[in-house]
S.K.: 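To start, I am sharing the structure in question, which I have written as structure tokens.
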Protein chains: 2
Amino acid sequence: MADVAEIADVSMITVSRALRTPERVAPETRLRVEAAMAQVGYVPDLVAASLASRRSRVVAVVVPTIGSSIFSDTIEGMSDLLHGRGYQLIIGAGSYDKEGSESVITTLLGRRPDGLILTGSRHAKRARRMIEDARIPVVEMWELPPKPIDSAVGFSNRAAVRAIAAGLVEAGYRNVAFIGPSEGDARATQRRQGYADAMVRNGRTPIFIETPRPPSQMEHGAAAVARAAREHPEIDAACFTSDVLAIGALFQCQRLGWKVPGRFAIAGFGDFEIAAAATPALTTVSVPRYKIGEEAARLILGRIDGEIPAGQAVDLGFEVIWREST
Amino acid sequence: MADVAEIADVSMITVSRALRTPERVAPETRLRVEAAMAQVGYVPDLVAASLASRRSRVVAVVVPTIGSSIFSDTIEGMSDLLHGRGYQLIIGAGSYDKEGSESVITTLLGRRPDGLILTGSRHAKRARRMIEDARIPVVEMWELPPKPIDSAVGFSNRAAVRAIAAGLVEAGYRNVAFIGPSEGDARATQRRQGYADAMVRNGRTPIFIETPRPPSQMEHGAAAVARAAREHPEIDAACFTSDVLAIGALFQCQRLGWKVPGRFAIAGFGDFEIAAAATPALTTVSVPRYKIGEEAARLILGRIDGEIPAGQAVDLGFEVIWREST
DNA sequence: GCCGGCGGGACACCGCTATTC
DNA sequence: CGAATAGCGGTGTCCCGCCGG
């Protein structure tokens with residue numbers, strides 16, 4: 001920066017301002033500075049800038065896993081919006097169990113992010129204390145927590161599955177099962193409750209078939225159908241916690257020669273690309289994966305800039321999409 | 001840190017050492033310091049540490065897109081290894097066209113990463129200059145560039161498709177087409193060349209069916225098959241540049257009532273989860289998505305620590321997996 | 001009493017920006 | 001609009017004091 005200043009024949013402070021508040025520098029001066037920056041190939045040191053200004057222009061996000069497309073879509077939404085506003089993302093992969101595990105949070109907070117986005121609302125006690133001590137805006141996403149730390153964006157996983165399960169009953173299916181993991185993911189648990197709600201309301205007995213803990217794989221879905229065939233031949237429809245499981249189940253039905261629907265109706269969750277593309281196309285719950293990311297980013301920026309008060313909870317809703325598989 | 005030092009009755013420098021080089025601090029002192037850190041909930045400021053030490057323990061990575069599972073698997077591989085070694089990842093999403101576009105690189109380098117991982121080897125001229133000026137280790141991945149900037153890890157996209165296309169010819173298919181985007185992705189272009197290689201060697205005329213530019217979607221694959229049915233009814237097999245296209249095509253064949261294989265054999269690329277799960281299971285090229293990330297991380301750390309010399313190029317290879325769809 | 005090694009301390013400075021003028 | 005001063009929160013470097021041999 002000193003080099004740039006000398007070439008442009010101004011002081012370092014002016015170079016700094018040409019970068020951060022260009023409207024406060026005379027146009028002619030600014031041009032000289034910009035030319036000098038281009039000449040020496042100056043790349044401003046954001047680390048030093050962060051330290052001096054106490055603003056890092058970094059947002060930290062914790063997700064259960066980066067690999068699965070659920071969260072990579074959400075991250076893309078955040079990233080698209082954040083980059084446009086000059087922010088960068090640092091990502092921590094918490095395990096599915098102890099959401100936002102402690103060490104992940106510590107390292108993330110060590111980078112002094114201006115805001116923190118968390119998946120879910122079940123945080124370890126010590127983690128929660130560190131988060132509060134950090135005194136930065138927080139957004140919890142993918143659920144609507146009863147008592148949010150700060151802001152939240154998501155939808156009701158429970159209501160979503162309640163709706164699709166109720167729809168299955170109304171459509172005349174007699175024995176509707178629920179297929180998904182029983183632990184390891186708070187949102188999957190909420191979905192299970194939604195299913196139970198619908199069964200109880202209709203005076204049915206819930207039938208649960210468990211799959212291994214997340215991340216769910218197609219073969220888990222296939223295996224679950226195989227088990228259903230042996231142990232619960234009366235089942236004629238099922239709600240899955242994920243399209244991934246549902247698609248695995250669909251292929252398994254093809255292998256068994258089961259008609260979908262007819263012998264076995266399938267309802268997924270997520271509305272991934274494959275749901276619409278499959279034959280038969282998959283009935284599922286469409287959830288705003290990308291939009292959750294965008295909205296989380298919008299919220300966190302608003303909180304950082306003080307334009308949005310704490311305590312906002314945004315319900316982005318869901319939509320049950322009836323297709324051919326039910 | 002000053003607080004911690006006072007409580008532990010040592011100087012700040014000792015606190016710093018207890019964190020960074022604990023073996024150089026007397027065990028008893030170290031315990032006092034650690035207790036003090038726990039007591040006040042001290043979270044070290046990595047920004048200040050980076051500035052002072054000129055080591056950020058950050059690795060920057062540029063990928064065409066975060067959303068697609070190709071790269072999110074790779075990122076997961078990098079992330080898993082890097083976090084274990086105390087490094088953090090910052091991700092930039094370059095557009096597919098101008099890989100590693102300039103502004104992305106600038107912001108990333110502004111964070112003063114200790115290393116840089118790039119997808120592909122086609123970089124804009126100005127970007128390349130900035131990368132060289134940064135004087136940090138670089139790893140290019142997902143290809144084996146003829147003239148790498150520093151290190152590289154990947155496999156030959158061209159050889160991979162050459163192999164699967166040749167296999168199709170050997171298997172007796174008379175009119176093997178290539179279906180994929182014609183531009184927008186250097187690796188897709190290399191795959192196209194591999195197909196052309198195989199056709200030329202066998203004295204066949206290449207048949208290309210183009211799909212929209214990446215990221216590829218299932219419906220692009222479905223549309224391509226629909227077009228093939230009209231314009232090239234002689235085609236009895238096709239190589240796709242991606243399993244995503246191939247699966248879309250598979251579903252389209254089911255809709256058309258085409259037997260797969262028989263009327264239309266399908267070969268994908270990537271060996272995604274769905275390839276093995278589909279009915280019929282998909283013949284495809286298995287590529288080490290996760291391992292590329294791991295290896296890129298291993299290389300970059302080795303280069304940072306000076307344990308690995310510049311110029312290493314690691315070929316992770318590929319494997320053609322023959323399943324039921326061909 | 002001198003030497004080498006180890007634990008711990010002081011000072012300057014990393015590159016940039018808030019503040020005041 | 002531009003300049004000077006004073007840090008932001010740590011760590012490299014050099015140094016000292018202490019110990020046993």
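All chains are named by letter (A, B, ...) in the order of the sequence lines, taking the proteins before the strands, and each is independently numbered beginning at 1.
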S.K.: Would B/E295 and B/R298 pass as an ion pair if we require N to O under 4.0 Å?
M.R.: yes
S.K.: Report yes if some heavy atom in the side chain of B/R112 is under 4.5 Å from a heavy atom in the side chain of B/S50; otherwise report no.
M.R.: no
S.K.: Would you indicate which nucleotide in D/dC8, D/dG10, C/dC16 comes nearest to any side-chain atom of A/L51?
M.R.: D/dC8
S.K.: Less than 4.0 Å between a side-chain N and a carboxylate O, is that true for B/R126 and B/D133?
M.R.: no
S.K.: Would you name the heavy atoms of B/R187 and B/P64 that are closest together and state the gap between them?
M.R.: NH2-CG, 3.9 Å
S.K.: Taking atom C1' of C/dC16 as reference, at what distance in whole Å does atom CG of A/D45 sit?
M.R.: 8 Å
S.K.: Salt bridge (Lys or Arg N to Asp or Glu O under 4.0 Å) with A/E6: which residues, sequence neighbours excluded?
M.R.: none
S.K.: Between A/A48 and A/S53, name the one whose nearest nucleotide on DNA chain C is closer to the 5' end.
M.R.: A/A48
S.K.: Which of these, B/R135, B/R128, B/R129, sits in a salt bridge (charged side-chain N to carboxylate O under 4.0 Å, His left out) with B/E132?
M.R.: B/R128
S.K.: Which atom pairs link the protein and nucleotides 3-7 of chain D when you take only N or O atoms and keep those under 3.5 Å?
M.R.:
from, atom 1, to, atom 2, distance (Å)
D/dA3, OP2, A/S11, N, 3.2
D/dA3, OP2, A/S11, OG, 2.9
D/dA3, OP2, A/T14, OG1, 2.8
D/dA3, N7, A/R17, NH2, 3.3

S.K.: Report yes if some heavy atom in the side chain of A/M78 is under 4.5 Å from a heavy atom in the side chain of A/V59; otherwise report no.
M.R.: no
S.K.: Looking only at heavy atoms, what is the nearest atom pair of B/V40 and B/I7, with distance?
M.R.: CG1-CD1, 3.4 Å
S.K.: Scan residues 20-42 of chain A against DNA chain D and write down, sorted by residue number, each residue with any heavy atom closer than 4.0 Å; if none is found, say none.
M.R.: A/R24, A/V25, A/A26, A/T29
S.K.: Do B/V153 and B/L299 come close enough that some side-chain heavy atom pair is under 4.5 Å?
M.R.: yes
S.K.: If only side-chain N and O atoms of B/S16 are considered, is one of them under 4.0 Å from the OP1 or OP2 phosphate oxygen of D/dG10?
M.R.: no
S.K.: Return the polar atom pairs (N/O with N/O) between nucleotides 15-21 of chain D and the protein under 3.5 Å, or none.
M.R.:
none

S.K.: Which whole-number value in Å describes the distance from A/D3 CG to C/dG15 P?
M.R.: 11 Å
S.K.: Just wondering, do A/M1 and A/S16 contact through their side chains at under 4.5 Å, heavy atoms?
M.R.: yes
S.K.: With a 4.5 Å limit on heavy-atom distance, are the side chains of B/D3 and B/Y42 in contact?
M.R.: no
S.K.: Between B/D9 and B/R32, is there a salt bridge with N-O shorter than 4.0 Å?
M.R.: no
S.K.: Quantify the bending of the helix from C/dC2-D/dG21 to C/dC21-D/dG2 as the angle between its end axes, each fitted on five pairs, to 10°.
M.R.: 30°
S.K.: My understanding is that only residues two or more places apart in sequence, or in another chain, count here; which of them pass salt bridge (Lys or Arg N to Asp or Glu O under 4.0 Å) with B/E76?
M.R.: none
